[in-house]
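Labels below follow one simple rule: chain letters A, B, ... track the order of the sequence lines, proteins then strands, and each chain is numbered from 1.
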2 protein chains.
Amino acid sequence: MQPRSRTTIRDVARQAGVSVATVSKVLNNRYGVAAATYAHVQKVISELGYEASLVAQSLRNHQTNVIGILVADLEPFSTELLKGAADAIRGTGFELVIYSAGGRTGEHEGWERRYLSRLSGTLIDGAVLVTPTIVDVDYGSPFVAVDPHTGTSTTPTIDADNLRGAHLATEHLLELGHTRIAMLTGRHDLQSSRLREQGYRQALRKAQLSIDEELILPGEYNSGPSRDSARRMLSMSDPPTAIFAANDISAITTMAVADELGLGVPDDLSVVGFDNIPEAALSSPGLTTVEQPIREMGKRSVEMLIELIRGRSLQETHLTLDTRLLVRGSTSAPKSSISNGARRDS
Amino acid sequence: MQPRSRTTIRDVARQAGVSVATVSKVLNNRYGVAAATYAHVQKVISELGYEASLVAQSLRNHQTNVIGILVADLEPFSTELLKGAADAIRGTGFELVIYSAGGRTGEHEGWERRYLSRLSGTLIDGAVLVTPTIVDVDYGSPFVAVDPHTGTSTTPTIDADNLRGAHLATEHLLELGHTRIAMLTGRHDLQSSRLREQGYRQALRKAQLSIDEELILPGEYNSGPSRDSARRMLSMSDPPTAIFAANDISAITTMAVADELGLGVPDDLSVVGFDNIPEAALSSPGLTTVEQPIREMGKRSVEMLIELIRGRSLQETHLTLDTRLLVRGSTSAPKSSISNGARRDS
DNA sequence: ATGAAAGCGCTAACAT
DNA sequence: ATGTTAGCGCTTTCAT
């Protein structure tokens, strides 16, 4: 019933009455095969439905034409990035395989290391690492980091202008007249998170507003912690009139919490997110957010990687893509702005 | 600067002053190694940061403890499914790699065949195939199909109760009093699509309503075609008061088109989708839809596959999971129901 | 307890 | 034009 094992090049050779070397030549379009033999071997190959084993080829050759992309988990950000990467791979002659650590990254600092060591040099020619924890390691084959944990390094890196984005978001709220602006921060181990908080602080300072540390609570880029923190903020005796969340997941969660507490967005509370994941446009009201060109980041990372694999040197090793503010319905002037008149003065 | 190539078992052996066989024994916790030697080799391994090459191991062993999941593209459905699969893999001792054909499946009927032939028997112990075109092939290693193109086969298959789901959706609209109910169909090459259309037709027939073929237009499970068809429907002289879309993407697109045409949902038009992708809850108004337990499908498919890999026989080879109607804000009684009085009579 | 050697499926250098 | 052979990194007999 079941064939004992997969068809190998030897099965083809035997069936065609030639040597394995000849079959290999046919497979790889090498010269030195008579036209008749070539055709005959081709015929046998398709009859048997034979495909060369990627593994055996990988072990033998050192070019595999496969690139890997490692993500910590499959959430909207990484999914969008994967789409961009998949787009970029088309027509390059490379194939893409994806490894997801399945959110277990907390358990192992350096989760990506194990994967990469096992794969590089053989199965894949290089890899894109999304939010890697370690970057200054020699993995034996080229790689590109997207939104890494640490800032400066010699590793080719792609990120978005987190500092400026956070600045824009906060300024937007300031311009609307808000003065009590809270922040839901991200994952402190990630550079992007630290920069977003920094941008927020800078904008407030620039506006001569004192920073109330009680209004800076952890969101962890995640729904659970964001829910708790949002609830705490909105239950304060003097709650903020606006919240800048470090990513869209946190922002959308915040809107849900506001709704549960009977607060209207944007009338009673303005909310700004960061990322512009597809869900941001669909929420109600639409979420004002800082757009990161996520797909573009995926695309660029693959392009950079292919350059490296081809042995070419990169024009720039650190690519920071622009962010921009996208105003939707979740922000407006605070109701109280009339009573305190703060904005009028400026 | 760059080490010439990756660290191999021979490097470890040389460095530790033992043979490769001994290193291999240490790696695989085999007996027959003195405690002192064991410890020493371990030390060298970690000093060198050595990890065994997956490829070489795969070639040698025939068990790899890696399972593959092949998707045609990364859209919300497959992404949710991947999450379910990633959840299920945890703690099983297997790893998961994902291959995305990147939407190029239209070009090659049987796209999955090539991948699978190249990988099975070596790199992966088995695979989950999402919406595969061909199913009755022997790929040399076990696989499970999710939502395949063809219906009956001996291949282990997972799908949801598409027929019943479509029936429920249509009945819901009928109960609300709609009589002009249009349908945006799916991809005709997929079984799920044909069953959803069939469920719709059955429900109408059961309600003694004649089926107006002009109200059945293609959506292709995709945004572009859905947009065109929705526009056409809603511009008719006698437009439908409700639309059942074969998936949520089509449904959400339909709502956007209604909005553009100045029609309110659900006041002027009721919309029902299918799938309950995360976006369905976020749209405004929330989308009434038929819930498919997508993550559960991913989870079950992995579980089935592991059973097969372990050589156990399956309790049931065709698993059809339940679907249920999820009523949100996008459906209501038609405004015209008062004037035509159709509902009052029933 | 340790090591030498064969072989997984394939390709490439080197015969013939 | 075709075949023989070595070897990619690893595991596993089978000697020692």
- [ ] Select one nucleotide: of dT12(D), dA12(C), dC10(C), the one nearest the side-chain heavy atoms of Thr8(A).
- [x]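 Nucleotide nearest to Thr8(A)'s side chain: dC10(C).
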Open item on the list: Using the side-chain heavy atoms of Ala34(A), tell me which of these nucleotides is nearest: dA1(D), dG9(D), dT4(D).
Closed with: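 Closest nucleotide to the Ala34(A) side chain: dA1(D).
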Task: Non-hydrogen side-chain atoms of His149(B) and Arg187(B) separated by less than 4.5 Å - done: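 His149(B) reaches Arg187(B) side chain to side chain.
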Presence of [X] side-chain N/O under 4.0 Å of [N] phosphate oxygens OP1/OP2:
| X | N | value |
| --- | --- | --- |
| Ser53(B) | dC10(D) | no |
| Arg30(B) | dT12(D) | yes |
| Tyr31(A) | dA12(C) | no |
| Thr37(A) | dT2(D) | yes |

TODO: Using atom CG of Asp11(B) as one end and atom P of dC8(D) as the other, report the distance to the nearest whole Å.
DONE: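 Rounded to whole Å, this separation is 12 Å.
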TODO: Take atom CG of Leu27(A) and atom C1' of dG9(C), then tell me their distance rounded to the nearest Å.
DONE: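 Interatomic distance, CG of Leu27(A) to C1' of dG9(C): 11 Å.
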- [ ] Would you please say whether a donor-acceptor pair under 3.5 Å links the side chains of Glu112(B) and Thr133(B)?
- [x]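 A pair is found: one side chain offers a donor N or O, the other an acceptor, under 3.5 Å apart.
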Please write out the pairs of protein N or O atoms and N or O atoms of nucleotides 14-16 of chain C separated by less than 3.5 Å, giving the distance to one decimal.
none

Task: Given DNA chain D, 5'-ward residue of the pair Ala56(B) and Thr22(B), judged by closest heavy atom - done: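 Going by which nucleotide is closer to the 5' end, it is Ala56(B).
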TODO: For Gln57(B) and for Val33(A), find the nucleotide of DNA chain D with the closest heavy atom, then tell me which residue's nucleotide is more 5'.
DONE: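 Nearest-nucleotide comparison on DNA chain D picks Val33(A).
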